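All remarks here apply to the structure that follows.
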Amino acid sequence: MNASVKEISYAEALNQALREEMRRDPLVFVMGEDVGNLGGLFKVTNGLLQEFGPDRVIDTPISEAAIAGAGVGSALVGTRPVIEFQFMDFMTIAMDQIVNHAAKLRYMTGGIATVPLVIRAPICAGVGLGAQHSQSLEAWFVHVPGLKVVMPSTPADAKGLLKSAVRDNNPVLFLEHRLLYSQTGPVPEEEYLIPLGSADVKRPGTDLTVIATGRTVHLALAAARTLASDGIELEVIEPRTLQPLDIELLEGSVRKTSRLVVVNDGCRSCGYAAEIVARIMETCFYHLDAPIQMVCTRDVPMPVAPALQKEVMVSEEDVIRACRAGLAA
Amino acid sequence: MNASVKEISYAEALNQALREEMRRDPLVFVMGEDVGNLGGLFKVTNGLLQEFGPDRVIDTPISEAAIAGAGVGSALVGTRPVIEFQFMDFMTIAMDQIVNHAAKLRYMTGGIATVPLVIRAPICAGVGLGAQHSQSLEAWFVHVPGLKVVMPSTPADAKGLLKSAVRDNNPVLFLEHRLLYSQTGPVPEEEYLIPLGSADVKRPGTDLTVIATGRTVHLALAAARTLASDGIELEVIEPRTLQPLDIELLEGSVRKTSRLVVVNDGCRSCGYAAEIVARIMETCFYHLDAPIQMVCTRDVPMPVAPALQKEVMVSEEDVIRACRAGLAA
Amino acid sequence: MSTAQTSESAETRPLTISREIRLEWYTRMCTIRHFEREIVQLNRAGLVAGTAHLYIGMEAIAVGACAAMRENDLLTSTHRGHGHCIARGLDMGHMMAEILGRADGYCHGKGGSMHITDVSRGVLGADGIVGGGIPLAVGAALGLRLKRNNSIVFCFFGEGAANQGSFHEALNLASLRQLPVVFICENNQWALSASFSETTAGQSVARRAVAYAMASDRVDGNDVEAVFRAANDAAERARRGSGPTLLECITYRHEGHSVFTRQEIRPTDEIEHWKKQDPIERYRSLLIAEDIASASKLGEIDAEVSRLVSSAAAFAKNSPSPGLATAFSGVYA
Amino acid sequence: MSTAQTSESAETRPLTISREIRLEWYTRMCTIRHFEREIVQLNRAGLVAGTAHLYIGMEAIAVGACAAMRENDLLTSTHRGHGHCIARGLDMGHMMAEILGRADGYCHGKGGSMHITDVSRGVLGADGIVGGGIPLAVGAALGLRLKRNNSIVFCFFGEGAANQGSFHEALNLASLRQLPVVFICENNQWALSASFSETTAGQSVARRAVAYAMASDRVDGNDVEAVFRAANDAAERARRGSGPTLLECITYRHEGHSVFTRQEIRPTDEIEHWKKQDPIERYRSLLIAEDIASASKLGEIDAEVSRLVSSAAAFAKNSPSPGLATAFSGVYA
Ligand SMILES: Cc1ncc(C[n+]2csc(CCOP(=O)(O)OP(=O)(O)O)c2C)c(N)n1
Ligand SMILES: Cc1ncc(C[n+]2csc(CCOP(=O)(O)OP(=O)(O)O)c2C)c(N)n1
Ligand SMILES: [Mg+2]
Ligand SMILES: [Mg+2]
């Protein structure tokens, strides 16, 4: 990456990505609830209405199914919609349009249809909004052939990946952990792209591999710092795009360390962590010295009370505990 | 089970279960598209309108979200709705009602709400209806805390489990593979229940454990017969209820055989097979002599052309191949 | 208890609203107002768990509509549900405890402001999903009919929810089966940052009833008695078995969207204009003008209500945080 | 090409429909009828891959409506979509090959009858989800506007789809933004086994336009010229930038729901009554009565059309099954 960097927030990085892509390509537009006048509930589309006008920054009624369906339809005629859901939980209203249409049209039509659609949404919990505003359902979408799923953990990755998502000719889910929006990080000032499907080694290590997604990457890095003082060197790897998955990089690390902990903010049963376990088990079974440990959101709806929410969400302590277990075994 | 049994089809067994429960409890009712006049697209509710009348057998408009929402609302006031989706693919329209409401109300309200709702749907492919009529999305629902998920493979299990589902005080997804409806099997004439959460050994064996769900149980049994002629004894186990899962029975078998193949009709990425792999890996890692093999629907939307559909769906040959691989390794 | 009284009086047209009832309604509106003001304080103190959507400015709808309900009638509420709960007589201490995420909350701290529920008082639940409660209300009515229970269901939702598919599907179903539901749209003219006019084709929620051959009415949502009369007519229609009604009540929220999303994009003069239409102030003047009560009497009510709210807040603040183990229990019945 | 001609004539009121165009329309309706009859044969022979929903009895709608389309206009279709495709001039051989799941099908055998698509001819796709295509049509119109493309979108759907939330959300959005969409409801009075009257509150799809302040019309869907005139007015409105129209066409399907779900629960006399209203027979009599063509001339057309359909069927039957490897390719662009 370029030397001249600037410290900006995750939300600002996403905003820059959208701004740059909308300037580059007049067919890119954003649509969703409160994306215009308000600049988005989490400010990701801030200022876009002022710069690009109401034809390219569309405030919609509260009609999630129509928002997604209109996204698919406009993509079918060659525009590049970026639609926003205010919380991933609300995608449940638009699943038919996302799963039966966006994901399948390309294949079902034998290649006639192209659906260059980006679907953005904040995921998971952290501010006590409760069970209907706290889900991290990425596993659902990885389960659906035809979709790509992106989940960045840093401002720089968020910007480079969102720009690639906008240019991709397939429907791409772009998932943003709501606690990351205000986190800052260095972002190159010069334009750059990060290709979908490339994982990243966030911290090299030798003793145990931690594969973490989104917010939990930061928990894994914190755990790595803590354990380093005990002379334990974790290798922290972030897939960045869950689908397509850069499996080679993950396998290489596991073959090297022989021990693995998978961390993900989704619920544990049938979650994304289980998918990683299954993939690694298949190709690295004989390299594993211990059972793979999974650290996930506990299998309960997200409670509101701060103390309960903390219990249910993944914490740095959970990651440390799992690493010690993975090393002890 | 009782000695006096009768050979009936899977659809008839489900019909008997509904009839018996509706006779037993006047608060049980069925609702959905074409469930009354037509007796259900697959005849599962056949004759119920005639016996129980239009207040308890409700033909609805094509409004999946309202059907599910009305199911939740009527359950909240103490009735026991059994709603039908004509294809599981159409549940995508009702995910908010199922996932954000049915599944979470009990927990979110601190125990005030009770949602005794049964949601029935045919799953998967086999008759060439294509990508929007062929999905087996059980993994999505196992991923959502608060739901139970049942998937029987025989008429007898289907009847006993559906009766238990109707009496359960939680939302229960009841998934029926559409190719099974016409299959017949022995069903006790005397009333019986099969508790949710109890797996079943469909064939005892010593060399390798096959954990299979729904339709694929029959493929596993066929594979077992084929391999028996080579002196290979498969143990075929069916969870029957995916959530809650009778994990002890599964673990016991794996500890005994040290080898495992998991078969499921859902797509493979983030599918139910991966969940089983993750669970077994956790508790039986040191008992495993070989990597766990997964046999699932291939990760593509379901094509219509018969030859292509056959390629994408799980076959007996796929199971045999996986078993040989699991034994060779 | 006013609910019972008013529903009796509802049978005897012309409708006379007794002095007691009027004072009762004034008291309830003041109670909601004080309750919400207290939430603002608690939020400033950082005590609110998550968010809360304030009902300030809309009190006449919950109080007027719930006055048309009988003891055993049911309601479904929304993310902006405190007013409905108080109008139904829920305990403010347990409500506040829930909003603070405490053990003594209605949901033992698991649900928060957006999920306060008390089935025993007919409150089937607030809802965090815009439009999510509408099909639930229709289902509840369906269930009541199956149980041969002649209660009816009041379904509250905002005008923003009227653009959701769930609204359309639910109203169609309710009309088809002539279910006893009173659909009450609280049209406060804004859905977060979205204005009614820019998001609602036809510029009327009530008119959408035409699509379903459903009775409908549109009233001044800041006039508690107008709301009561309209809701009462709708309730009678439902009790007669003549089917559902779509009742649109025009109102305005005085505060920001929620304590979590406070940024204001509504025109200042519009906000000022509507604050002058304050439903409580209007009712206060009316009661004084019609000699129902003196200013000092109303002042006493106000003071008494504020005492009750303060003690509810005290109860909530003293309630412990839920035991950690409870996080993992209660997922299944 | 009639599409172009009629859309020119559409500008010059009063609308005169030339002899050529009338014969063209008759020919297209016959083509659809023969095509569907051929599908019945192919299904009897066990050659149809999966299912097919026949358009027999409804031909006047596709032909009349598509006659109001211009070369570059778009349409979204339904599970019952063969008629729309043929009216738009798609190749019958490739259509049939798709219905048989063959390599030469429009979707190379991956989509079947419910997913025939040809974007180059403006057919954005049939759809297996009832109501699924309605928001897509609105999105397409939104995209066209962004591209400064003045084409318009025709959105076909059955009356059963008018009870889906997607219908409500999409029409609200289309009306708000005055998008160039012509919503065409093919009201054949049955949705599988569900009768229109028992599932559609209000007993009219057209009237639902009131909810969205949208123009609407209701016509005899078995009268090809009536459908054309109404669709043409709607198209002109859309081209003028005066927004969408909801056009309800009353018709009936002669066959069972699909070749997969054939069980018939509709009253026999109702079916008989409607078969007497056959849109092709009616047009045939009209053309003869008005001396547009002789019975023998129409007979020739019929014979010619049937020859074309037979050769399309032959092409489809001779098309190979898709290569197995194709099952695993083409998921992503
Ligand atoms: C399905 C869904 N979409 C979006 C939201 C986010 N949201 C919460 S309240 C709200 C505005 C609702 O407006 P309205 O229905 O008019 O109720 P009001 O807040 O004005 O009382 C929105 C968009 C949500 N909670 N649920
Ligand atoms: C969302 C959804 N629900 C149910 C079905 C099953 N289904 C296919 S066609 C049909 C009836 C549709 O009726 P209508 O919209 O009037 O079209 P018609 O078949 O009469 O042309 C139904 C219920 C479906 N394909 N999609
Ligand atoms: Mg509002
Ligand atoms: Mg129809």
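Since the model is a prediction, treat every value here as computed from it, not as a measurement. Computed over heavy atoms, backbone and side chain alike; hydrogens, waters and symmetry mates excluded.
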- Query: With no hydrogens and no angle check, is any side-chain donor or acceptor of C:Tyr332 less than 3.5 Å from a backbone partner on B:Gly146?
  - Reply: yes

- Message: Any donor-acceptor pair under 3.5 Å linking the side-chain atoms of B:Arg19 with those of B:Asn46?
- Response: no

- Salt bridge present between C:Arg80 and C:Glu186 (N-O < 4.0 angstrom): no

- Top residue by heavy-atom pair count (under 4.5 Å) with chain B, among C:His108, C:Glu98, C:His115? C:His115

- Between C:Phe156 and C:His84, how do the two ring planes meet: parallel, tilted or perpendicular, split at 30° and 60°? parallel

- Query: Given that the side chain runs from C-beta out, which part of C:Ser329 has a heavy atom under 4.5 Å from chain B: side chain, backbone, both or neither?
  - Reply: backbone

- Judged by atom type as modelled, is there a donor-acceptor pair below 3.5 Å linking the side chain of B:Asp89 to the main-chain atoms of B:Ser134? yes

- Heavy-atom donor-acceptor pair, C:Ser151 side chain to C:Asn72 backbone, under 3.5 Å: yes

- Item | Under 4.5 Å from any heavy atom of chain C - which part of B:Asp55 | both

- Query: chain C: which of B:Asn169, B:Thr79, B:Asn170, B:Val77 shares the most heavy-atom pairs with it under 4.5 Å?
  - Reply: B:Asn170

- Residue part contacting chain C, namely of B:Lys148, when any heavy atom lies under 4.5 Å: both

- Note on the structure: So, the part of B:Asp96 with a heavy atom under 4.5 Å from chain C: the answer is side chain

- Examine whether an atom of C:Thr326 lies under 4.5 Å from a heavy atom of chain B, and if so say whether it belongs to the side chain, the backbone or both; otherwise answer neither. backbone

- Task: Could you look at C:Ala327 and say if it's the side chain, the backbone, both or neither that has a heavy atom under 4.5 Å from chain B?
- Result: both

- Per-residue contact mode, B:Pro26 against chain C (heavy atom under 4.5 angstrom): backbone

- Item | C:Gln178 (side chain) donor-acceptor with C:Ser175 (main chain) under 3.5 angstrom | yes

- Using modelled atom types only, decide if a donor and an acceptor are shared between the side chain of B:Thr241 and the backbone of B:Gly197 within a distance under 3.5 Å. yes

- Which atoms of C:Leu74 come close to chain B, meaning under 4.5 Å heavy atom to heavy atom: side chain ones, backbone ones, both, or neither? side chain

- Distance (rounded to the nearest 0.5 Å) between C:Thr78 OG1 and C:Met114 CE: 10.5 Å

- Give, as side chain, backbone, both or neither, the part of C:Ile134 having an atom under 4.5 angstrom from any heavy atom of chain B. neither

- Segment of B:Thr109 engaging chain C (4.5 angstrom heavy-atom cut-off): both

- Query: Using a cut-off of under 4.5 Å for heavy-atom pairs, which of B:Thr114, B:Leu27, B:Ile112 has the most such pairs with chain C?
  - Reply: B:Ile112

- Message: Tell me which of these, C:Ala140, C:Ala170, C:Gly111, C:Ala141, has more heavy-atom pairs under 4.5 Å with chain B than the rest.
- Response: C:Ala140

- Task: Can you tell which part of C:Asp127 gets under 4.5 Å to a heavy atom of chain B, answering side chain, backbone, both or neither?
- Result: side chain

- Query: Quick one: do the C:Ser113 and C:His53 side chains pair a donor with an acceptor below 3.5 Å?
  - Reply: no

